[in-house]
Amino acid sequence: MTVRTRFAPSPTGYMHIGGMRTALFNWLWARKNGGQFILRIDDTDAGRNMDEALGPILDAFRWLGLDWDEGPEVGGDYGPYFQSERRSLHDAALKSLLDNGAAYRDFESPDDTKAQREDAEKNKTVYVSSRTSVGLSAEEVQAKIDADEAYVVRFLVPRGRKISIVDQVRGHVEWDSDLMVDPVIARGDGSPLYNFATVVDDGQLKITHVIRAEEHLSNTPIQVLLHEALGNDLPVFAHIPFVAAPGGKKKLSKRDIDKYRKSPAFQKLFQLGDDVLTRLGIDPTDNSLSPVMVAYYREVGFLPAGVLNALARLGWSLDDETENMSLETVQNAFTLDRVVKAAAGLDPDKLMSYQAYWMSELSADEKVAGCADFLSRAGLIPESPDAEMLTRVAAVVELAADRLRVFGDILSMDEFFVSSDQLVFDEKEFQKRVVKPAEAVDLLRDVRHILADVESFSAETLHDAVNGFVEGRELKFGQIAPALRLSITGKAKGADLFPTLEFLGRDECLARLDKAIGSAESQRV
RNA sequence: GGCCCCAUCGUCUAGUUAGGUCUAGGACACUGGAUUUUCAUUCCAGUAACGGGGGUUCAAAUCCCCCUGGGGUCACCA
C-alpha cells in the first residue's frame, strides 16, 4: 500500500508556522515511506482573490523546499485539488447517505435547536439531537421541500456505539456515540460542511494517513462514522501536538501577536526582526509580517534549513542528543512513534541557534549571494551589483564572520557601504566614548597621524603601529580602541578593528576621523 | 460545564511500549571562568526537573487508581 498524506490549508493569505509544522510532518511521512504528499486547498467559500490568498502558502512550501506530488499547479490523478471544484463528488456522497437513511433532512428551526441545547446545559443533561424530522415519510419530506421549508442535512449518528481508533501518536482513543450530536453535513442548498467534505475528499484521494494537529481530535469520531457510512477504508490517524506560544501551552495564534511582542521569550526575535524589517522599509509594527508566519523568517533572512530544523525538533526528536539535522537526515529517521504527545512551545532562542548553525555551514559564495540580495533591497548596494561590488560584499561577509546569523544581520553593517559624509554616529555611544573622555580627541589626533603616516595600510602594520604608540605613551589599548572604533564605524561594537580599517582604506579612515574629531570638538565647546 | 487530550530542568527533549544499567542524559537559555585588548565565536565549569497522594513489586520517572494542574473542542467555520 502506497502511503498518501495530505495537507489541506484554507487559503488565508499567509502560512502559519504551526500549520507548516503539520505540513512538514505529513511531507516527512510520505517521503520516508516513498509515498505521495498531496496538497488540497480547502476553499469552501468559493475562490475570490485566490492568487492573493493561496500564493503565500505555496511560496512558503517552495521556500522550504517541500514539494507536493499532487495539488495546485502540478495536478494529479485524483483532482481537482480545490475543494470548491469537487462539489459533484460531495453531492453524490450526500445523495447516497440520504438515500440509504444514514443522513436526514432536519427541518427543525435553528432557534429550536439552540433552545434545546441551552435547556440541556441548564439542566446539566447531555444534549443530543431531537431527531423530530427523522420519522417523516418520504412524502412528508417532499411536501416540506416543495413548501420551501428550510432544512439542513444531518448525519444520523448510530446509537450505542463505542468509536475507537488507534492513534499513531496517542494510542487508543475512544468515544461514546450516545454522547454525540447529529452533525450537520450539508446546508439546505447542498453545500457541504468541513467534516463531510474532508471525509469525502480524503476517501476519494485515497489518503492513508491523516496527520493533523490535535485540535482535530474531537472531529475524529464524526469522521470515522462518516468514512464507515461511505464505505471508505479508514485512514490511519495521527494527532500531533499543536505548536504553542513561547513559554505557554496555548496555541500559537496570529491574533495574540501584540501579546507576544511583550513576551520576554520573544524579545530577541522581535528586536532582530524589527531592525531588519525597518531597514528593508517594512513597518514591523503593523503585523502584516509576524513570527507566526513563515514569510517572516524569510524576510528577516533565515535559512530554510534553520527553520526546518527548528520545526522538526518541535515535538519530535531523533534520539537523545542529535540537534542539528538536515531535511534529508530528518526524512530518513522520521517515525510517527517518536512524536511527542504534549504541546510544545516555539522557542525563538533555540530557533536562532539552529539558524546560526546552518548559516555557519554555508559556503562563502552562498553567504555573499544571500547578503547581496538583502543589501540591494535595503538600497545599500545597487540592484544588480557588479563583480567589484560583490567582492566588497564578500569582504564584509568575511569581516562579519559569525556575527552573521541571518542574512538581515548584514544590514546592521551599513558602515561598510556608505561614505564618510553619510556615516551616522551612534549618538549615545559617541558622547560616552569620544566627547566625554578628556583625552579622547587628542588621542584621536595622534592616531590620525599614525594612520596618515603608516607605510602600508594593512591590518598588521596598523596594529603594530597603534600598539607601538600605546606602549610608548604608557597607555592602555582600551583607552583608544573604543573611540577609534566609534569614529570609524559609528558603532560601539562590530568586526575586528584593524581589519576594518584596512578594508575601508586610508583616505576613508582619515575622512571619518576628521569628521569625528570635528564633531566632538564642536560639542565640547 | 460535557467530551477528549496532556503532565521530566526556565524552554525543547531522552528515558515510559519490553520496571533495575537513571545518585535522570543532551540541547537552548542563564551564570561564572579562560581565550578574543570591543562585540561575536570557541573552550571549560555551574545552577536547574520526574506535579501530589495511594497502590503493585525485592525494585517505579517507567505499571494501576485517585487528585491536582494545563490544554483542545463543543457552529448551518475550517
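Chain A is the first sequence line, chain B the second, and so forth, proteins listed ahead of strands; every chain is numbered from 1.
- In this structure, A:Leu486 atom CG and B:C39 atom P are separated by 15 Å, rounded to whole Å.
- Residue contacts shown for A:Val153 are absent, as no nucleic acid heavy atom lies under 4.0 Å away.
- B:A61 and B:U23 have their C1' atoms separated by 14 Å, with the value rounded to a whole Å.
- The C1' atoms of B:C12 and B:A29 are separated by 11 Å, rounded to the nearest whole Å.
- Atom name C1', nucleotides B:A60 and B:U8: the rounded distance is 14 Å, in whole Å.
- For A:Ala342, taking side-chain heavy atoms from C-beta onward, the closest of the listed nucleotides B:A7, B:C12, B:U73 is B:A7.
- Looking at A:Asp337 and A:Gln168, their side chains never bring a donor and an acceptor atom within 3.5 Å of each other.
- Heavy atoms of A:Arg117 sit under 4.0 angstrom from primed sugar atoms or phosphate atoms, though from no base atom.
- Here side-chain hydrogen bond (donor to acceptor under 3.5 Å, both in side chains) pairs that include residues 178-190 of chain A, with residues two or more places apart or in two chains, are A:Tyr104-A:Asp182, A:Arg131-A:Asp182, A:Arg187-A:Ser191, A:Asp189-A:Ser191.
- As a whole-Å value, the separation of A:Glu118 CD from B:C74 C1' is 14 Å.
- Atom C1' of B:C50 sits at a distance of 32 Å from the matching atom of B:G1, rounded to the whole Å.
- Within the shown strands, B:C74 is the pairing partner of B:G1 under the Watson-Crick or G-U definition, both distances less than 3.5 Å.
- If you check every strand for non-hydrogen atoms under 4.0 Å, A:Val184 touches sugar and phosphate atoms only.
- In this structure, A:Pro482 reaches neither bases nor backbone, as no heavy-atom distance under 4.0 Å exists between it and the strands shown.
- Of the C1' atoms belonging to B:U41 and B:G52, the separation is 45 Å, rounded to the nearest Å.
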Under 3.5 Å, N/O pairs linking protein and nucleotides 32-37 of chain B:
residue: B:U37; atom: O4; partner: A:Asn467; partner atom: OD1; Å: 2.9

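- In the set B:U13, B:C76, B:G72, B:U13 carries the atom at the smallest distance from any side-chain atom of A:Ser317.
- Between the side chains of A:Glu366 and A:Ser363, at least one donor-acceptor pair of N or O atoms lies under 3.5 Å.
- The listed nucleotides are B:A78, B:C3, B:C5; the one nearest the side chain of A:Tyr194 is B:A78.
- Using a 4.0 Å heavy-atom distance criterion, A:Ala495 is classed as a base contact.
- When heavy atoms are screened at a 4.0 angstrom cut-off, A:His216 is found touching base atoms of the nucleic acid.
- Of the candidate nucleotides B:C76, B:U38, B:G70, B:U38 has the atom nearest to the side chain of A:Arg403.
- Using a 4.0 Å heavy-atom distance criterion, A:Val340 is classed as a sugar-phosphate-only contact.
- Here, B:G55 and B:G19 have their C1' atoms 15 Å apart, quoted to the whole Å.
- For A:Arg21 and A:Phe25, the positive end sits near the middle of the six-membered ring, less than 6.0 Å away and at most 45° from its axis.
- Using a 4.5 Å heavy-atom threshold, the side chains of A:Arg40 and A:Asp201 count as touching.
- Between B:U38, B:A7, B:U13, one nucleotide has an atom nearer to the side chain of A:Lys341 than all others, and that is B:A7.
- Within the 4.0 angstrom heavy-atom criterion, base atoms lie near A:Arg485.
- Regarding A:Lys254, its NZ atom lies at a distance of 21 Å from the P atom of B:C77, rounded to whole Å.
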I'd like a table of donor-acceptor pairs (distance under 3.5 Å, sequence neighbours excluded) in which one partner is a side-chain atom from residues 112-123 of chain A, with atom names and distances.
residue: A:Thr113; atom: OG1; partner: A:Glu108; partner atom: OE1; Å: 2.8
residue: A:Thr113; atom: OG1; partner: A:Ser109; partner atom: O; Å: 3.2
residue: A:Gln116; atom: NE2; partner: A:Glu108; partner atom: OE2; Å: 2.9
residue: A:Asn123; atom: ND2; partner: A:Asp119; partner atom: O; Å: 3.2

Hey, what are the protein-to-nucleotides 24-30 of chain B N/O distances that come in under 3.5 Å?
residue: B:G25; atom: N2; partner: A:Asp320; partner atom: O; Å: 3.2
residue: B:G26; atom: N2; partner: A:Glu323; partner atom: OE2; Å: 3.0
residue: B:A27; atom: O2'; partner: A:Lys350; partner atom: NZ; Å: 3.4
residue: B:A27; atom: N3; partner: A:Lys350; partner atom: NZ; Å: 2.8
residue: B:C28; atom: O2'; partner: A:Lys350; partner atom: N; Å: 3.4
residue: B:A29; atom: O3'; partner: A:Lys268; partner atom: NZ; Å: 3.4

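- The side chain of A:Asp402 approaches B:A40 more closely than any other nucleotide in the set B:G72, B:A40, B:C76.
- The nearest whole Å value for the distance from the NE2 atom in A:His172 to the P atom in B:C6 is 12 Å.
- In this structure, CD of A:Glu398 is placed 19 Å from P of B:U41, rounded to the nearest angstrom.
- In this structure, A:Glu174 reaches the sugar-phosphate backbone alone: every heavy-atom distance under 4.0 Å involves primed, P, OP1 or OP2 atoms, never a base.
- For B:A7, the paired base is B:U68 (Watson-Crick or G-U wobble, both distances below 3.5 Å).
- Aromatic ring orientation, A:His216 versus A:Tyr194: tilted (interplanar angle from 30° to 60°).
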Donor-acceptor contacts, no H, no angles, side chain residues 477-490 of chain A, under 3.5 Å, sequence neighbours left out:
residue: A:Gln479; atom: OE1; partner: A:Lys476; partner atom: N; Å: 2.7
residue: A:Arg485; atom: NH1; partner: A:Ala495; partner atom: O; Å: 3.0
residue: A:Arg485; atom: NH2; partner: A:Ala495; partner atom: O; Å: 3.0
residue: A:Ser487; atom: OG; partner: A:Ala483; partner atom: O; Å: 2.7
residue: A:Thr489; atom: OG1; partner: A:Arg485; partner atom: O; Å: 2.9
residue: A:Thr489; atom: OG1; partner: A:Lys491; partner atom: N; Å: 3.1
residue: A:Thr489; atom: OG1; partner: A:Lys491; partner atom: O; Å: 3.3

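- Atom name C1', nucleotides B:A48 and B:G53: the rounded distance is 25 Å, in whole Å.
- A search for side-chain contact (heavy atoms from CB on, under 4.5 Å) contacts involving A:Ala344 returns A:Leu314, not counting sequence neighbours.
- Of the candidate nucleotides B:U38, B:G72, B:C4, B:G72 has the atom lying nearest to any side-chain atom of A:Lys250.
- Closest to the side chain of A:Arg338, out of B:C12, B:A78, B:A14, is B:A14.
- Residue-level contact check: A:Gly315 touches the backbone only, with heavy atoms under 4.0 Å from sugar-phosphate atoms and none from bases.
- The aromatic rings of A:Phe302 and A:Tyr297 stand perpendicular to each other, their planes meeting at an angle above 60°, with 30° marking the opposite boundary.
- Nucleic acid contact class of A:Asp176 (heavy atoms, under 4.0 Å, all strands): none.
- Counting non-hydrogen atoms under 4.0 angstrom, A:Phe242 reaches the backbone sugars and phosphates but no base.
- Side chain to side chain, A:Thr322 and A:Asp319 meet the donor-acceptor criterion of an N or O pair below 3.5 Å.
- Across every strand in view, B:A18 sits unpaired, with no contact that passes the Watson-Crick or G-U test at under 3.5 angstrom.
- As judged by a 4.0 angstrom heavy-atom cut-off over every strand, A:Leu346 is placed among residues making no nucleic acid contact.
- As judged by a 4.0 angstrom heavy-atom cut-off over every strand, A:Lys124 is placed among residues making no nucleic acid contact.
- Between the P atom of B:U41 and the CE atom of A:Met359 lies a distance of 15 Å, rounded to the nearest Å.
- Counted by atom type alone, A:His172 and A:Asp167 present zero donor-acceptor pairs between their side chains at under 3.5 Å.
- Remark: A:Lys144 fails to qualify as a cation-pi partner of A:Tyr151 under the 6.0 Å distance and 45° angle criteria applied to the six-membered ring.
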